[in-house]
> 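Provided herewith is a single structure, encoded as structure tokens, for subsequent inquiry.
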Amino acid sequence: MALKLHDTLSRAERLLQPLEGQTLKLYCCGPTVYGPAHIGNFRTFVLQDVFRRVIEQGGLATLHVRNLTDVDDKTIRDSLKAGQPLADFTRGWTDKFHADCAALNLLPPHFEPGAVAHIPHQIRMIETLIARGHAYAAADGSVYFKVTSFPAYGRLSHLDERELKPAAAATDSDEYGKDSVADFALWKSRKPEDGPNFWSSPWGEGRPGWHLECSAMALEYLGEDFDVHSGGVDLVFPHHENEIAQSCCATHGHFARHWFHIAHLMVDGGKMSKSLGNLYTLDDLARRGYTAAETRYVLINGHYRAPLNFTFHSLDASRQALQKLARNEQALRTAAGGTSAPAAPGPFAAAWALLEDDLNVPGALGEVFATLNRLKPAGLPAEEAAAALAGLHFLLAALGLQLPELREEGTEAAPAEILALAEQRWQAKQARDWATADTLRKSLEEAGWLVKDGKDGWQLTRWA
RNA sequence: GGCGAGGUAGCAAAGUGGUAAUGCACUGGUCUGCAAAACCGGAAUGCGCGGGUUCGAUUCCCGCCCUCGCCUCCA
């Protein structure tokens, strides 16, 4: 195992080695469950999944924690709007999230804690922070973290090199009582708009602040020190900066050793937003006929540190690419006379090396194709084909790519009238009545079936 | 305005101090009555702009332009 990964904090590529033993501890900021996640959210989760798969293929174990934010402004607001108890509301969207994750072939985290279930942990952490002089309760019962009490604040996002936009310092009317505008909430006192969603604490009724949940859960499941913390780039500031401050001040640990941030997905060259109508969910794409596997391919086929431009053309390209991989895989299987366990990259060593070099997925995919093109699977001797097949499976497993069914079958599934049309066309063709044959072929195409002529007969393929 | 990430063929996207992967699209051939699919080939002549360093820069340095993100609860 020799994965080099860029670290946001040190701004350098660093070799990843578990702090303890052979298990790499990974914390990922999860979704806020108040609606369906969009493909931009999933870019982050899919890349984290590839990361985990590469680590595991490389021979290490992982301990993967990804939280669910099931209490915050949006979940509360929308559950009240829906007239549902918060827990029921977020459970529904959590189920949807899990279904989407499964469709995208994401490995489930080992722990997936929710914020609501860990409120005591968060309260305990706040008590520690207050006791150590890093936090204070305001008059209204909210508790804030005192940013000036942590000199290292801002290291991750290089705050010291930045000049905050004057407007950004505008006070939030909800958060009066803060000593400094930079201080952030650990506990938010109960407000009328929270409805029935409040919990009791030493500071009165209220609910936990968003940043704290990740610190508390990371501590609970991974300990004071762990290997990698990951999320979308937009979380660098303030979320991750705040997590570092809370965790380092509440424990004696160093918190995460390595920060892994994934760049955003763009659509048609611009940002994704509801108002532009270019914010897609997995279901939106499914309605247009694209599979989750095709979506996954699109999402991983760009380096994680660079913005990736999503287009429907790239989805079409992914479909073709996956078909090509499937054909090659089948050719290798035929040549090898069976499958074998994916134990090593074999002839795909160059592709694997690219994955180990800062998770260069597009480079690795390019290398997979280049290797296949060189190998010419159909003509390989059985032994070489078997090694290549195992290697291909090794790479596909690391990327989490599931190959589609080859588009060969279909004739059996065709309805009787389609079969009749096809047979009629074949007869016309035998009679060298090309005009009739072509007309019938066109009708079949309009009905959604492509005709493929063989030597002694025809085949149908579902087309639309 | 500050900080960060980017600008590579029609689209997407790797990579490199010395003739620029890969996928899609395009195109020639095989096959076919013609196609489709598949297979075997091919072309692109493309590294944002201007300087500098260098024998040589897309790659390093400087300046500029453009895009995207963050700038206090957006993956």
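Here the structure is a predicted model, which is why all the values come from computation and not from measurement. All chains are named by letter (A, B, ...) in the order of the sequence lines, taking the proteins before the strands, and each is independently numbered beginning at 1. FYI, side chains are in, hydrogens and waters are out, and symmetry mates aren't considered; it's all heavy atoms of this structure.
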> Are any protein N/O atoms closer than 3.5 Å to N/O atoms in nucleotides 57-59 of chain B? If there are, list each pair with its distance.
none

> Ignoring backbone atoms, establish whether Lys324(A) has a side-chain N or O less than 4.0 Å from OP1 or OP2 of A38(B).
no
> Starting at CD1 of Ile300(A) and ending at C1' of U22(B), how long is that distance when rounded to a whole Å?
13 Å
> Given atom CH2 of Trp426(A) and atom P of C34(B), what is their separation to the nearest angstrom?
14 Å
> Taking the side chain of Lys376(A) as its heavy atoms from C-beta onward, which of C68(B), U22(B), C40(B) lies nearest to it?
C40(B)
> Would you mind classifying the nucleic acid contact of Val451(A) as base, sugar-phosphate or nothing, using non-hydrogen atoms under 4.0 angstrom?
base
> Determine the contact category for Gly231(A): base if any of its heavy atoms lies under 4.0 Å from a base atom, sugar-phosphate if only primed atoms, P, OP1 or OP2 are that close, otherwise nothing.
sugar-phosphate
> Rounded at 0.5 Å granularity, tell me how far CG in Asp140(A) sits from OG in Ser189(A).
3.5 Å
> Is any side-chain nitrogen or oxygen of Arg319(A) closer than 4.0 Å to OP1 or OP2 of C24(B)?
no
> Give the rounded distance in Å between these two atoms: CG of Asn301(A) and P of A14(B).
8 Å
> Should Asn309(A) be listed as having a side-chain N or O under 4.0 Å from OP1 or OP2 of A12(B)?
yes
> Kindly state whether the ring of His229(A) and the ring of Phe260(A) have centres lying under 6.0 angstrom apart.
no
> Nearest-Å distance, CD (Glu445(A)) to C1' (A36(B))?
8 Å
> Looking at G23(B), does its base get a donor-acceptor pair with the side chain of Asp316(A) below 3.5 Å?
no
> Give a yes or no on whether the ring-centroid distance for Tyr34(A) and Trp93(A) is below 6.0 angstrom.
no
> When Tyr304(A) is tested against each of Leu299(A), Val233(A), Leu47(A) for side-chain contact (heavy atoms from CB on, under 4.5 Å), which residue passes?
Leu47(A)
> Can you find a pair of side-chain heavy atoms, one from Glu205(A) and one from Trp199(A), that are under 4.5 Å apart?
no
> Counting only side-chain heavy atoms from C-beta out, which of A75(B), U22(B), C34(B) sits nearest to Asp453(A)?
C34(B)
> Working to the nearest 0.5 angstrom, can you tell me the gap between Arg425(A) CZ and Lys442(A) NZ?
14.0 Å
> Output the rounded distance in Å from NE2 (His240(A)) to P (G4(B)).
19 Å
> Applying a 4.0 Å non-hydrogen cut-off, can you work out what Leu235(A) is touching in the nucleic acid: base, sugar-phosphate, or nothing?
sugar-phosphate
> Let me know the distance between CH2 of Trp352(A) and P of A14(B), rounded to the nearest Å.
19 Å
> Planes under 30° and centres closer than 5.5 Å, is that true for His264(A) with the base of A75(B)?
yes
> Can you tell if the side chain of Cys101(A) reaches within under 4.5 Å of the side chain of Phe45(A), non-hydrogen atoms only?
no
> How close or far is atom C1' of G15(B) from atom CG of Asp358(A), stated in whole angstroms?
14 Å
> Quantified in whole Å, what is the P atom distance between nucleotide G4(B) and nucleotide G42(B)?
45 Å
> Taking N and O atoms by type only, does the side chain of Arg441(A) place a donor or acceptor under 3.5 Å from a partner on the base of C34(B)?
yes
> Pick the C1' atom in U58(B) and in U16(B), then give their distance to the nearest Å.
9 Å
> Below the 4.0 Å mark, does G69(B) have OP1 or OP2 next to a side-chain nitrogen or oxygen of Lys271(A)?
yes
> With rounding to the nearest 0.5 Å, note down the distance linking SG in Cys29(A) to CG in Leu235(A).
5.5 Å
> Any side-chain N or O of Arg327(A) below 4.0 angstrom from OP1/OP2 of C39(B)?
yes
> On the ring face of Tyr27(A), is Arg66(A) found with NZ or CZ under 6.0 Å from the centre and within 45° of the axis?
no
> Return the OG to NE2 distance between Ser215(A) and His121(A), rounded to the nearest 0.5 Å.
13.5 Å
> For Leu399(A) and A13(B), what is the distance between atoms CG and P respectively, to the nearest whole Å?
17 Å
> Can Arg441(A) and Asp438(A) be counted as an ion pair, charged N to O under 4.0 angstrom?
yes
> Starting at the 5' end of RNA chain B, what dot-bracket string do you get if Watson-Crick and G-U pairs under 3.5 Å are bracketed, crossing pairs use [ ], other-strand pairs use | and unpaired bases use dots?
(((((((..(((.....[...))).(((((.......))))).....(((((..]....))))))))))))....
